[in-house]
2 protein chains.
Amino acid sequence: MSSQDSIAQDALDRLFLQARSQNGWLPKPVDDEQLRRLYDLMKMAPTSANCSPARIVFLRSAQAKERLRPALSAGNVEKAMSAPVVAVIGYDTQFHELLPQLFPHNPAMRELFAGNAALAQATAVRNGSLQGAYLMLAARAIGLDVGPMSGFDAEQVNAAFFADGRCRVNFICNLGYGDPDKLFPRSPRLDFDQACTLL
Amino acid sequence: MSSQDSIAQDALDRLFLQARSQNGWLPKPVDDEQLRRLYDLMKMAPTSANCSPARIVFLRSAQAKERLRPALSAGNVEKAMSAPVVAVIGYDTQFHELLPQLFPHNPAMRELFAGNAALAQATAVRNGSLQGAYLMLAARAIGLDVGPMSGFDAEQVNAAFFADGRCRVNFICNLGYGDPDKLFPRSPRLDFDQACTLL
């Protein structure tokens, strides 16, 4: 493979190799235009039958973040409250209702999910998670840092932000510009041969 | 935000904006060095407590792909059989057994998951899916195209490639160099206001 086949090393570093999960934030704001740019990137990456189940609530105001505070694990409170934006990443359990818009060439796809709740749930979780990853890498691509968190009470978050019961929270991700002084040491990764098999 | 804050437009195009899910493949091979490079990128992106549950079986030989064939939906057979490499992306249901290596500063984390099967399963599925997305964007970053597929019989795939019962398939992704003549028209995406809420 020639080196032209890869995106630039700087981009690889910022997306994967040098980027770190952040625990503290510089006092530098994130504006709505950045959030729209982030979404316009992440929305283009693939989901099954283009089902696009992720729903994101961006908490920007102190008031909105206060609604999240009681649901957070103790270790996540300060990280979230100090972040410029907190993205509550959920999935639409009724995503198939939008398939006539998203997958217009195959109306049967809506019926497939409408008639099989287990398949719809697995599809929403899997593809909503894929989109959560796209969100994080799209954020890094436009120069933001991310701090994903799983330590929270899901039912409290659902009650606070998805009260109609149609959407459910998947995970939460702080967004902003990370404070390098708050980084933890990098943890080791699995070797290729621990995670991968070549057949 | 200044334009210097973003990675290059070429990289945004190749990761998100211009990349397409591929349905056919050019007769151009993918070598093992590319698969190792792909893994060395994807492994660095974040997972909860660095749990890294994804396990990938790369099918390179015709013989290995033939073991997958009977599990595939009819519409996915030709796409997979003609792909240079098919990645079977699973997750380790016992991922916490590796946490002493992955999260050495907090031995209690292994016990948390070992004592809560529902939490372990949700964590494996969510983070294994995040890693599946990282795999797809890392593949694009090194110049490969991807063709993810959910249309297969999971139990047949598990029996063929994860026979010990510890890992389970999540989704499958063809890898190679896409044949532009086989692309479908791009499907529409949800508008920002359909998927996102600003609070």
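Within every chain, numbering begins at 1; the chains are lettered A, B, ... in the order of the sequence lines, protein sequences first and strands thereafter.
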Q: Could you tell me which portion of B:D32 (side chain, backbone, both or neither) has an atom closer than 4.5 angstrom to a non-hydrogen atom of chain A?
A: side chain
**Q.** Part of B:A138 within contact of chain A (heavy atom distance under 4.5 Å)
**A.** both
Q | Top of B:S129, B:A19, B:A45, B:C167 for chain A proximity - count of heavy-atom pairs under 4.5 angstrom | A | B:S129
Let me know if [X] has heavy atoms under 4.5 Å from chain B in its side chain, its backbone, both or neither.
| X | result |
| --- | --- |
| A:D92 | neither |
| A:P104 | side chain |
| A:L35 | both |
| A:S21 | side chain |
| A:D40 | backbone |

Q) In the single-linkage hydrophobic clustering (I, L, V, M, F, W, Y; side-chain heavy atoms under 4.5 Å), do A:F152 and A:W25 co-cluster? A) no
Q. Side chains of A:R140 and A:V146: closer than 4.5 Å at any heavy-atom pair?
A. yes
Q: For residues A:C51 and A:L99, determine if any side-chain heavy atom of one lies less than 4.5 Å from a side-chain heavy atom of the other.
A: yes
Q. Roughly how far, to the nearest 0.5 Å, is the CD1 atom of A:I142 from the CG atom of A:L137?
A. 12.0 Å
Q. Any idea which of A:Q131, A:R186, A:M149 has the most non-hydrogen atom pairs under 4.5 angstrom with chain B?
A. A:R186
Q: Classify the ring geometry between A:F113 and A:F95 as parallel (under 30°), tilted (30 to 60°) or perpendicular (over 60°).
A: perpendicular
Q.
Applying a heavy-atom distance below 4.5 Å, give me the residues of residues 59-67 of chain B that approach chain A, sorted by number.
A. B:L59, B:R60, B:S61, B:A64, B:R67
